[in-house]
Every structure is written in structure tokens, then in C-alpha cells.
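What follows is a short report on a single structure.
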Amino acid sequence: MTLRLITAGESHGPGLTCVVEGLPAGLELDRDAMDRDMARRQLGHGRGGRMKIEKDRADVTSGVRHGKTMGGPIALSVANRDYQNWEERMNPWPVEKEVPEVHLPRPGHADLVGVWKYGLSDVRNVLERASARETAARVAGGALARAFLAAVGVEVRSHVVQIGSVQAPERDLAPSLSDFDGVDDDPVRCLDPEVSRQMVEHINVQRKANQSLGGVFEVVAYGLVPGLGSHISWEERLDGRLAHAICSIQAVKGVAIGDAWDVAGRPGSEAHDEIFYDDERGYFRETNHAGGLEGGMTTGEPLLVRGAMKPLPTLTRPLRSVDISTREPSQALRERTDSTTVPAAGVVGEAMVAFVLADAYRRKFGGDHIDDVRAAIARYRERIGWKPRQA
Ligand code: EPS
């Protein structure tokens, strides 16, 4: 049994759709929790005008009855409120009015290669689908994965550790679950109030200078059983699946699992997490450089995954480009944009990690009803003598 997630939709079209297939029956969903996730993705200092227009919510159109899954595919629909301003330009059907084409590709976006590859003349046919608006559909689907994980004792959180040149100091230990209690009230979703203040200031200064900013977010998952994923084939290694999922988020160019880049520069004796045992705790570690993964499998320690995001390529002072209809030098398309979306990307990262982890549980434990899944996990825990960790 595997979990599948597919999205459809354009940034300024009528709306987005997400279909999730492979969840067991009997899983209880919380409508408010889904709406909260949708709203959290819209937060963050540095967002542009579009977020004042949208008020995202995911409407369930199939697969759920009276708040519970039935085992079939679940379809979710997210409306684009902005479509009413784009009805002629983005109508699925021909319109009478002449709609001008976009011919100015933005460096760093899918624009130029997209028109080559798909044989298009209008950059809009590429940028609408490449837009990070699509992440609203992923977060809707991710909320279902998160509900499944909660039912098996797993919680997924995220925070921002860097925006532009402002970096939070490295911690010795992973944050605990309760450290995230107020994270969505922080303007940049950073756990350190002083660093957060500096990040906000940095965004303000750079925005005035017509700059966009990238950064780094971290996703943390608690309560995982050891042994999700596998060392036996490259496709089953969970590190690879997580890297794929995180790097598939628009503008993400790098992924780190645990202390990845730091560990590369350390001697072996300082890079690994030594193994201890006592009767009360069972097996345990005192460090987590590995980010909760060894040999492509979860160790049962908190999972730590980071995503590095490049600055958004739509700039209020555009870079040099070429008009693809005349091949004359020009400036890239200038559109309404965000200054930074790292805080939102963290929420998208949560959705992607939740999806990969829920899929890993489905692969390992199967089950047609959520009670079957729970029973299979309980049996496995008993076999390996696993005591769940305090988050
Ligand atoms: C985006 C450009 C902006 C963002 C958008 C992603 O949209 P617009 O062109 O309408 O101003 O706001 O993100 C969202 C709409 C969203 O919901 O996150 C882009 O080019 O990727």
C-alpha cells in the first residue's frame, strides 16, 4: 500500500485541486485543523498583495463522510479568489477579448525553458503552473497525511532558521515539541525572538531596495517508529524520498538531513550518534547528528530535515532578459510578488514531510482500516521492544 498525492491548478485560474489516494478507512479528520494549516501557509512577514486577496480553505468533494475517510481517493478543492480579476486572461474557454501574451522570461523561473519544452509562445502558460500557488493544494493534501500521522502518534512541525543573511544560532539539541507552541504567532515563524526581529528588519530593508530574499527552514517530526524506509534498495531509502519531496518545493535548491553539511567537515568520531541502553529507556542516543535517519531508515529519534530556498525570481527591479518574440534585450517580467516566502515554505515542508512519512507508514504497515494500522504498529513495537520517545 502506498500513498499518492496529485495536484492540479494554475495560480490565477479558477482554483486548485488535490487528490490523495491510499489512506485507510475510519480515519477521523478535523476540518478546523485543515483550515488552520491552510491559513498558516499564508502567514509570514514579506508576503505580497496576493495574500490579502486569498483566504484559503480546502473543500472536501469526495472520499470523506461525516468526518471520516472511507478508504477511497479524497479530493480537495481550493478556490482562487483572485480568479475574478483574471477571468478573461485565465478562462479555461476561449474569450472574445484579445489577451496579450507574456514574452519576458524571468531568470530563475521556469519561464524560458518551459516555453521551449512545451512549444509555447506565451510565458503565462508556463508561469501559471510553475507558481508556488500550487503549494496551497499540497498543504491541503498534507493536512490529510498529518491527520493520519496524528492517529499513529506522529507530530510534524517547522520553523525558520535563516532569512537572507540572518541566521539563527545552531542548537545542540533538536527543539522539543512544546518549543513550537507560539511559532505561528511569530512574524517569520522563527523560534528565537531576537533573531526574528533581525529577520523582519532585514526583510524591510531589502524590500525597500527591491530585493527578494531566500533562506532556510527546518521540519521536525516526533514520535516515529524506527525502521520506516529501508537500506535494501536505493528507492526505499527515506533520505532520498525526503530530499525529493523537499527539493520539489518551488525555489528550494538544497536539502539537509540532520547536520548534513556540518558533518561533511567533521572527523568521523564527531559525526555519529553513539548507542546507549538502559532498562528504563531501552536503546537511546545522546546526540542526533544523523537527523533521525541511519541507513535510509528512521532511528526513532526526531527527524530533522532542512530546505534551502533561493530568493524568489520575480523582482520588483527586474533582471536583464530577452523578449522571446523579437529576441531583443529587455527586462524580465515584472509582476506583483512576495519579498520572501521562507516562513510559508516551512509549512509546505511540513506537508511534504508528512506525506513522505505517511507513505512510509502505509508501505510498512498496510491496513484497510486505521485500527488495522494501529494494531500492526503495536505488534511491531512489541517485537522490537520499542518505547516511544518523549517529544
Ligand atoms: C507566485 C507569485 C505570487 C505569490 C504566489 C506565488 O502570486 P501573484 O503573482 O498572484 O502575486 O503570491 O503565491 C501564492 C499565490 C500563494 O498562495 O502562495 C509565484 O510566482 O510563484
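Residue numbers count from 1 along this sequence. Order of appearance sets the numbers: ligands from 1, and atoms from 1 within every ligand.
Taking distance alone, with nitrogen or oxygen atoms compared against 3.5 Å, Met51 stays at or beyond that limit from ligand 1. For ligand 1, the polar-atom distance check against Ser11 finds no nitrogen or oxygen pair separated by under 3.5 Å. For the pair Thr337 and ligand 1, the shortest N or O to N or O distance does not fall below 3.5 Å. For ligand 1, one of its N or O atoms has an N or O atom of His12 under 3.5 Å away.
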Legend entry - Intermediate values then yes/no, side-chain contact (heavy atoms from CB on, under 4.5 Å), Trp86 and Asn80: CA-CA 10 Å; Trp86 290 76; Asn80 285 329; over 6 Å; no
Inset, instruction - Begin from the C-alpha positions of Phe148 and Arg362 and carry the test side-chain contact (heavy atoms from CB on, under 4.5 Å) through to its verdict. - result: CA-CA 10 Å; Phe148 170 82; Arg362 297 301 285 138; 3.8 Å; yes
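For the residue pair Thr2 and Asp359, no side-chain donor N or O sits within less than 3.5 Å of a side-chain acceptor on the partner. Asp59 and Ser77 are not linked by any side-chain donor-acceptor pair at a separation below 3.5 angstrom, with hydrogens and angles left out of the test.
Of the listed residues (Asn85, Asp338, Thr341, Val139), the one carrying the non-hydrogen atom nearest atom 3 (C) of ligand 1 is Asp338. Of the candidates Gly49, Ser131, Ala251, it is Ser131 that places a heavy atom closest to atom 5 (C) of ligand 1.
With a 4.0 Å cut-off on non-hydrogen atoms, Gln250 does not touch ligand 1 at all. If you look at Arg41 next to ligand 1, the close heavy atoms, those under 4.0 Å, all belong to the side chain. If you look at Arg133 next to ligand 1, the close heavy atoms, those under 4.0 Å, come from the backbone and the side chain alike.
Exactly one residue among Val219, Asp192, Asp186, Val183 makes a side chain to side chain contact (heavy atoms under 4.5 Å, CB included) with His159. That residue is Val183. Between Leu228 and the options Thr299, Thr298, Val154, a side chain to side chain contact (heavy atoms under 4.5 Å, CB included) holds for only Thr298.
Both Ile74 and Leu3 sit in one connected hydrophobic cluster of ILVMFWY residues. Membership requires side-chain heavy atoms under 4.5 Å apart, directly or through other members.
Between Arg36 and Glu350 no salt bridge is recorded (no basic side-chain N to carboxylate O distance below 4.0 Å).
Of the protein's heavy atoms, at least one falls inside 4.0 Å of atom 15 (C) of ligand 1.
For atom 21 (O) of ligand 1, the nearest non-hydrogen atom of the protein is Ala132 N, 2.9 Å.
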